[in-house]
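A quick write-up on the structure given underneath.
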Amino acid sequence: MIEHVQNFLSSVSSFFIIYMMIYSTFLFLTVTVGSSVLYTKRRYELMKNYNVDDYYVPMSIVVPAHNEEITVVSTVISLLDLDYNLYEIIVVDDGSSDKTSEKMIEYFNMERISKPIHRKIECQPEEFIYAAYDRKVPVYLVRKRNGGKADALNMGINVATYPYFICMDADSVLQSDSLKRIVRPVIENSDVIAVGGVVRPSNGVEINQGKLVRPYKLPKNILAAMQVLEYDRSFLASRILFDLFNGTLIISGAFGLFHKESVISVGGYDSKTMGEDMELIVRLHVYCLMHKSRYSIKYAVDAVCWSQAPEKLGDLKKQRRRWHLGLFQSMWKHRSLFLNPKFGFVSVVSFIYYLIYELINPYIELFGVITIIIAMIFNLINIPFMIAFLIIYALYGAVLTISAFYSRIHTMELELSLADSIKALFLCLFENTFLRFYLSWARSTAFFRYRKKKLSWGKIERKQIQIK
Amino acid sequence: MQVENLIFAYILICISMIAFNIIALFYRRTKVRINTRKKDILEQIILEQMEIIDMNGTIPDSHLEYLLKTLKYTNNLMIFDEALSDMEADKSKYLQQIRPVFVHITMVFFKKNLVDQAYYAYILKKYRIGADLKFSVMHSYLIHLMSSKSLYCRQNALLALYAYGNAEFIALALQRLDENHMFHHRRLIAEGLMSVQGDKDELIKELISKITSFNPEIQIAVLNYIRQVSSNYCEMFADILNNERENREVRLIAIRYFEKYKYQPIKQKLIEFVENEDILNWEFAAVSAHALHSYPGEDTVRALKKSLHSRNWYVRLNSAKSLVQLDTPYLALSEILTGKDRYAREILQYCLDNSEKIKERSESA
């Protein structure tokens, strides 16, 4: 019996060594490549290479909203402050039970209009449309029957006038230069059909007329501060690497630019999926690859959107569960991508990465914990060695995280106080150990709470964004 | 044993990355300090030279040699640019006198990497170095950049040529762009052309002389530019529109041209487009419907009313907009507003309501 257990544990340990080696190599690559790209872009900026910012590609900003009475007005105010000339704002109130629409109508002095909607994508019908034309750009409010975020986005696409649209969240804030930066890949390459922006936690950040108020400070809330570090490592680094090979599988629903007709060609957002943002990108890849169309899905590392990160563990858990379920739904729906060489890099690298290191990863880690317990029971484990290994591994992750964080700080020319620097160093370690395991556990339990018709938006506590 | 090697490898990587971060931090801070000091020194030197010029003197050769040695390095050129930008005094005489330096360093930048080359083109544009010359090595440099695979090199070079305002070189630059089959967004070209200083008619003549050799993207950009600035090319655009073998988008621009500049002989053609129910040509119908607001008449109103029933949304929308812009009497529209076609009714009503609101807003303003 002991022999069998030994053999089993030996196989498991070999598996984990290979698993962790691949992940650490990937992490190392993503952080070094990501940092290198950031520094290169910074150099381009300093050497006045980006002289395309005065050329405006017209776009519609679609803001789906559900019970966002606290933040929707300030979000639209911030959108009116953007350093861009050719755009419109469309807020889609997805059947809110609070005063989202009333707040908009009152603040912007909107008038009811009878604008016919060109229904290119099916969605729940509208109840009324309001407009304000006396602002810098037209602002529309479309109130519709509740259908979920994806459905609201589809309505926004139907209402949109311009050939490109931005999807963003009602609790997010763009910087004044965000539109110019997110549109750059479109100007560089006519094949670009979607561009993802960078989402950063807005907790503790102050925005004044679309510009970040310096000095930059880490959020006071420890959980939010750890998410700042996590976002820089996970979102920034891995997405930059995949971007180099047209392998981006996710564009955050908080900030993305899309070519409208391309999205309409694939049928718009899927209202039956929780992770509608990822599902759309995967579907765009599949569609273009199947039709052998020239296309590119890019990532604009300097197009920033500030979004509230959950400050309570309960809210964070809900968010990550929702993301995990969305990930599962998207991957299951497009399982034909699995190891299918017809789909190239997207299938062979991106899809496999998300499958193993994002979707199944919580269960693999759980399995690892179980095998450690088994090994302890049978006294087949060198505990000091194991602890040393885990500490080194955590330290490795922490160093890479802090490198990603600092490369962003340096390239954005932000000054971080000594207190925040020390805080970041400690939180890196904490984030790579305890928070990681907590989130793994949260994700692994996502399916137990899953109910089929849960098309809910996911409530987290909202705070007023600090905008001046 | 292998696992221990792995642990050592991780430790080594951790140490290397920590060291890299610390070195990068110190390097960045030191570089900022050094560059600031260099800038202050250079500023002082330049001010002294400007004083010499103000006393009707000539800049000594030693200063030119100093600049020649210094400015061939991109970092120093950036410091030079910062120093000049901070000065409020008139720099034109100084730049005129140091022009020989730029003739030499242009040759150096021919061989540098793409980022540096784009930056140098930016400097040429900013200070218009060589703009008053008919031809110089700076012109050659900028034309050379039009073959670059970097969009930003090409764009900075184009901007510099626009700033120079030499029509012949602008046309040559676009020709070079076309020959190299590089994607260069049409908006960059069209809107960039709008920034050209100098004789626009001469520029248009140069562009038209080469237009048939351009690919459709550049043709579209050039025609859009002509559409924005000149009404003297109705016959040329009419020929484009009437040529069915011409690129689709190019022909659509011709229609937009006739929306902006009324040309009576083309009216019947526009009406024919609007009345054509071929679904493959909906764009011609839609753009023509939009353009017809510039061509009042009973035949126009008749055609637009008919096209309100089109199966295509954009044709209906543009027809409604034009009918409203033509101030078509309510009586003429009543059959649509009370008719059975819900789509025609709704879209026309929306355009009428919108027009009322616009009038109210302008009256109250």
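In what follows, every heavy atom counts, from backbone to side chain, and hydrogens, waters and symmetry copies are set aside.
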Mind listing the closest non-hydrogen atom pair of [X] and [Y] along with its distance?
X        : Y        : result
A:Asn49  : B:Tyr119 : ND2-N, 4.0 Å
A:Tyr44  : B:Val115 : CE1-CG2, 3.4 Å
B:Asn21  : A:Ser403 : ND2-OG, 2.9 Å
A:Ile187 : B:Phe183 : O-CE2, 3.3 Å

Under the side-chain contact (heavy atoms from CB on, under 4.5 Å) rule, what do B:Tyr10 and A:Val399 come out as? Steps first, then yes or no, please.
CA-CA 10 Å; B:Tyr10 282 147; A:Val399 167; over 6 Å; no

Residue among A:Asn189, A:Thr40, A:Ile402, A:Thr32 with most heavy-atom pairs under 4.5 Å to chain B
A:Asn189

For [X], which atoms come within 4.5 Å of any heavy atom of chain A: side chain, backbone, both, or neither?
X        : answer
B:Gln155 : side chain
B:Tyr122 : side chain
B:Leu151 : side chain
B:Arg342 : neither
B:Ile347 : both
B:Lys357 : side chain
B:Tyr314 : side chain

Looking at [atom1] of [X] and [atom2] of [Y], how far apart are the two atoms once the value is rounded to the nearest 0.5 Å?
X        : Y        : atom1 : atom2 : result
A:Tyr393 : B:Cys14  : OH    : SG    : 11.5 Å
A:Glu188 : B:Leu188 : CD    : CG    : 10.0 Å
B:Asp353 : A:Ile113 : CG    : CD1   : 9.5 Å
B:Glu191 : A:Tyr56  : CD    : OH    : 9.0 Å
B:Ile13  : A:Thr25  : CD1   : OG1   : 7.5 Å

Test item: [X] and [Y] side chains (from C-beta on) under 4.5 Å apart, heavy atoms:
X        : Y        : value
B:Asp116 : A:Arg43  : yes
A:Lys48  : B:Ile123 : no
A:Pro58  : B:Arg187 : yes
B:Trp313 : A:Arg119 : no

Counting only heavy atoms not in [X], do more than 12 fall under 6.0 Å of its [atom1]?
X        : atom1 : result
A:Phe426 : CZ    : no
B:Phe8   : CZ    : no
A:Tyr39  : OH    : yes
B:Gln228 : CD    : yes
B:Tyr343 : OH    : no

Side chain, backbone, both or neither of A:Ile117 within contact of chain B (heavy atoms, under 4.5 Å):
backbone

Which region of A:Ile409, side chain (C-beta onward) or backbone (N, CA, C, O), has a non-hydrogen atom less than 4.5 Å from a non-hydrogen atom of chain B, or is it both or neither?
neither

Of the options B:Thr74, B:Leu77, B:Asn75, B:Asn156, which is the one that meets A:Met47 in a side-chain contact (heavy atoms from CB on, under 4.5 Å)?
B:Thr74

